[in-house]
Amino acid sequence: MSKRFRTLNAMSRRAFVERCALGAFGVSVMSAMNGTRAQAEEPRGPGFGKAKHIIWLRLAGGLSQIDSFDPKPGKSKGPGEPLSTKAGFQVTEYLPKTAAIADKICVIRSMTAKVGVHADAQYVMRTGYEKRGTIVHPAMGAWCQHYLGASHKTLPSSVCINRPAGNGNGYFPATYSPLPVLDPDSGLQYSASPDGNAKLDSRLSLMNELDRDFRDRYPDENVAAYKDFYESTLRLMRSSDLKGFDIDAEPRAVRESYGKNKFGQGCLLARRLAESGVRFIEVESKGWDMHNGLENSMKEVGAQFDQSFAALISDLQSRGMLDSTLVAVTTEFGRKPSFEGDGRGHHPTSFCSVLAGGGVKKGFVYGSTDALGAEPAEKPMKVGDLHATIGWAAGLPLDQPVTAPNGRPFTVGNNGKPALEVFA
Amino acid sequence: MCAGILAASEEKVQLKADVASGAARLDALVLAGLSAAHQKPNADATDEQFVRRVYLDVAGRVPTAHETLTFLADTSSERRAKLIDRLIGSDGYNSQMFNWLADTLRIKDVVGKRGQTYVYQEWLKDQIGRDRSWDDTVFKMLTATGRLGASGPAGYLLRDPGMPLDNLSNTLTVFLGANVACAQCHDHPLAPWTQKDFYQMAAFFGGVETHGVKSKKLVKQVIKKSEEFDEKDKRFLRQLIEVNAAEVKDIPGKSLKFPDDYQYKDAKPGDTVQPNLIRWAPEDATNPAYAVDTSNPETLRRSFAKWLTHSENPRFAAAIANRLWKKAFGIAVSEPVTDLDDLSKSANPGLLNGLAAEMKRAKFSLRDFQRILFNTKAYQRQASITPDLAKGPYLFPGPVLRRMSAEQAWDSVLTLGAGDSLDHYKLHRADNLKQFVIPEKELTVKAAEAAAKRAAANGGANRMNLKANLEMDGGGAPPPQLKGFIIARASELEQPARESHFIRMFGQSDRNVADDSSLEGGVPQVLMQMNGDVQKVIASKESQVMKAAERKKTPDAQIESLYVSFFSRRPTPAQTAAARKALENGLQLSEMTWVLFNTREFLFIQ
């Protein structure tokens, strides 16, 4: 505690002012108008603050741990054979390209959770909190924007690809919402005014004048949010870094190396956006809910993931971005050790995550599961702990709670504990 | 009510009296809740606010200028009730009800790998169009057998082929507001449901097959055969076999077993699960809804469906009534709508009970129930701004101000451009598909192949193709297309719309999760609203609002015409002055439509 107060750097000062400005929660001290990211706090330990960017890969449906990163012999064995990697651990034969870069990644085999229904479990994985009826929790990108400020003057600090924004800002201001790109090939549509900026400005000025009575009569948070969105949009339209959204600018060979599908091109877009200055990018991959036809699905969906993930890691490495970019592979739960028909059912008790880059150990396995792959054996990691670990990598002060508009305090990962052992 | 004996006009009077007394009962309950908290109701909404709101809520679109002015000119004391009646009976009502149901039931054009659900969708529209009672609709969906291409209601269970637990979880949450989320895998930490409870409910569907071995084999064989065809025909053949093979069947002897990793002492892994209906309270033991046979494996599904849709089921009426209240007011009496395990926790328990009672009195007619809602004084009050529910319950001094849904926004844009003729464009997407249903006994690889070849021989014109079937009601000209947009209401288009479509940008869900539509703003949405193609529909010379405005002789009259079209009201003198000044400075009338389209006032419903 004393360390922070002694050196009142820009970051601590902002945090202090933030705490005092609770009443004016809509007035964001760290709003995008304030410019680039603040100085991080001085390091507190290994890996702290190394990740300037986070690429959060979301495998929607429930990645089967035994058929991917935690193969098992015997009763639970799946149709895929285990594949040895030079990092000393095994993956399955469905991930050969990932096996080749296994020495760059850190596999967490001991994830554990309680919820086995997609929507609710996806919410927990995205926010670190269980769904409640009266409040929406933020995704990691909004947390980062709160503590660290905007990552860029004109580009959004958070982007989500292949999925809608889904209240990613939680209880933070609407401007912390991730900008959704539903189709990476199309990128950002309509980013220029067809009639030029001068006309746009004069029309907007008239629009605001005509709309004034309505806005005065209804000081509604959703009405106000739209004003913020219009302002963010206009800033973005004038941004010199807009081309970050355009993957057409990439050489064809690069586009092909990532895989010509929505996930692959989404990963490529994420890399571009990180380069342009977007801090937090989610990319969704669908098709993991393998209740039926698991073997065929892993050969298809698994192969796509394998290609794109390996291409992303290699690309970040060759561009010198891997040390400052944390890539996280997340999923809402795992799948059962025993087969039901030709697939596996939901299994939250044990599943896996993968981290790479951003100060994380290379070629490392954290935690383990029992012989069946049914539950964690060593070092169980809860979803909140994963959040805290990623937040640590991003340089967030995990012990500084945020007071939401409902008066309750919240922390990254719901008081999760970062697994410092994963950091180099 | 002896409807057969009364004459038509007497029936109308009877209905009016029923509606009035139902509305009065609900109003009393709302006022009771407000006064208990020392709160007052809002003032009455103006006629301008009411006409726009009720068109959007009941017909799914803004009123045309003509419709607005007609209503404002009506000075009869029953003008609001008459308008509600007319709109409830309109095509617009059917269209927006489908959108609402589609969001909750996760309606997608394609389920599984390539199963097209047009027959299911048409059946749902028919249920809505004929005002089939909700209990009857739900009962049919839960007990249906048949194939995707042939049976409408079978589409409900076929939404989750081979995933009966997910399907059941949705069933319980949607129709009963049962908070079962966690109990699929273990005893629920926060609600009284245990995992055994969940499995015993799922056991009612233990004999059902939605992803059968026989059909999978046939599909595999046809897919192999399709490799011999060229790309378009290959795809068509695979679609064809899917709608013919995807089937809901009851398999004698099939039953649900406890999972291998079942961890509790109250059953053993691998045991057959005994079906058992859950109870919310001890008195449920004598509730007539529970008087169903749970011992006969052949009738398990029917028993479950009977219990669930029974008028005395503790949650069925309340769940749908609560959702429809939320639809009209913006917030439910009990939030969230997916969790009614404890009715006493709602904002106004008396009102929630009253709503359930009205639903039962209306015999689950969604039209009759909503007619009562829209006729309440509560609905017809000024809107309040979005409340912070964390600070306390919302007690309904009025409806809540909210943004148009994605479908309302799209349909309204089209109304500005095309006028009320929009309501006539229907796409009948199931018609083509039905032609390719092969009788079950004749369903073989050969038969499928032959059908595909026949379709290909006609130049592919008969394939199950959206564009091939555009037509107006009664076979008139196809609806216009503009910039790749088909100018038809959201309920007629692809479900869900494509990701880049206006409708998705404005928050229509991807239909993978129930109730997942959004009213959020966002940068890409604003980009589309400012720079996109869709306002060409409004700004073009052919658009109804432009034609109406251009007929006026003075700038002030033109401004007023646009205001009535966009906002269902006349502009204030200050607004007229500001707009007139802009026109004098060179702003075109078509640009003025851009200005009005981009206001919050347009997008939000007062």
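Any value given below was found using the heavy atoms of this structure, including those in side chains, with hydrogens, waters and symmetry copies removed. In this text, all values refer to a predicted model and were calculated from it rather than measured experimentally. Residue numbers begin at 1 in each chain, while the letters A, B, ... track the order of the sequences.
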Which atoms of [X] come close to chain B, meaning under 4.5 Å heavy atom to heavy atom: side chain ones, backbone ones, both, or neither?
X        : value
A:Arg215 : side chain
A:Ala192 : backbone
A:Asn167 : both
A:Phe214 : side chain
A:Leu204 : both
A:Leu188 : side chain
A:Ala165 : both
A:Ser186 : neither
A:Lys336 : side chain
A:Asn169 : side chain

Looking at every heavy atom in both [X] and [Y], which two are closest together, and how far apart are they?
X        : Y        : value
A:Tyr218 : B:Gln382 : OH-OE1, 4.3 Å
A:Leu206 : B:Ala582 : CD2-CB, 3.6 Å
B:Pro524 : A:Pro180 : CG-O, 3.2 Å
B:Glu520 : A:Ser177 : OE2-OG, 4.2 Å

Q: Could you tell me whether B:Lys581 and A:Glu209 have a side-chain N and a carboxylate O separated by less than 4.0 Å?
A: no
Q: With the side chain counted from C-beta on, respond yes when B:Asp261 and A:His347 share a heavy-atom pair under 4.5 Å apart, and no when they do not.
A: yes
Q: Report yes if some heavy atom in the side chain of B:Leu527 is under 4.5 Å from a heavy atom in the side chain of A:Met237; otherwise report no.
A: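 Yes, close enough: below the 4.5 Å cut-off.
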Q: Select all residues of residues 598-606 of chain B having any heavy atom within less than 4.5 Å of some heavy atom of chain A, and report them by number, or 'none'.
A: B:Asn598, B:Thr599, B:Arg600, B:Glu601, B:Leu603, B:Phe604, B:Gln606
Q.
Just to be sure I understand the criterion: a residue of residues 573-580 of chain B counts if one of its heavy atoms is under 4.5 Å from a heavy atom of chain A. Which ones qualify?
A. B:Gln575, B:Ala578, B:Ala579
Quick one: [atom1] on [X] to [atom2] on [Y], what's the gap to the nearest 0.5 Å?
X        : Y        : atom1 : atom2 : answer
B:Gln525 : A:Thr233 : CD    : OG1   : 9.0 Å
B:Asn512 : A:Arg163 : CG    : CZ    : 11.5 Å
A:Met207 : B:Trp594 : CE    : CH2   : 5.5 Å
A:Asn292 : B:Met163 : CG    : CE    : 7.0 Å
A:Arg203 : B:Leu596 : CZ    : CG    : 12.0 Å
A:Glu284 : B:Asp510 : CD    : CG    : 7.5 Å

Q.
What verdict does the side chain to side chain contact (heavy atoms under 4.5 Å, CB included) test give for B:Val523 and A:Leu236, after you've listed the backbone C-alpha separation in whole Å, the side-chain angles of each residue and the deciding distance to 0.1 Å?
A. CA-CA 9 Å; B:Val523 169; A:Leu236 182 63; 3.6 Å; yes
Counting heavy-atom pairs closer than 4.5 Å to chain B, which one of [options] comes out on top?
options                      : answer
A:Ser191, A:Ala119, A:Ser193 : A:Ser193
A:Val181, A:Asp195, A:Val223 : A:Val223
A:Ala374, A:Pro219, A:Ala225 : A:Pro219

Q.
Using a 4.5 angstrom heavy-atom cutoff, name the option from B:Gly522, B:Pro387, B:Ser500 with the most pairs to chain A.
A. B:Gly522
Q.
I'd like to know if the side chain of A:Asp220 and the backbone of B:Thr386 have a donor-acceptor N/O pair within less than 3.5 Å.
A. yes
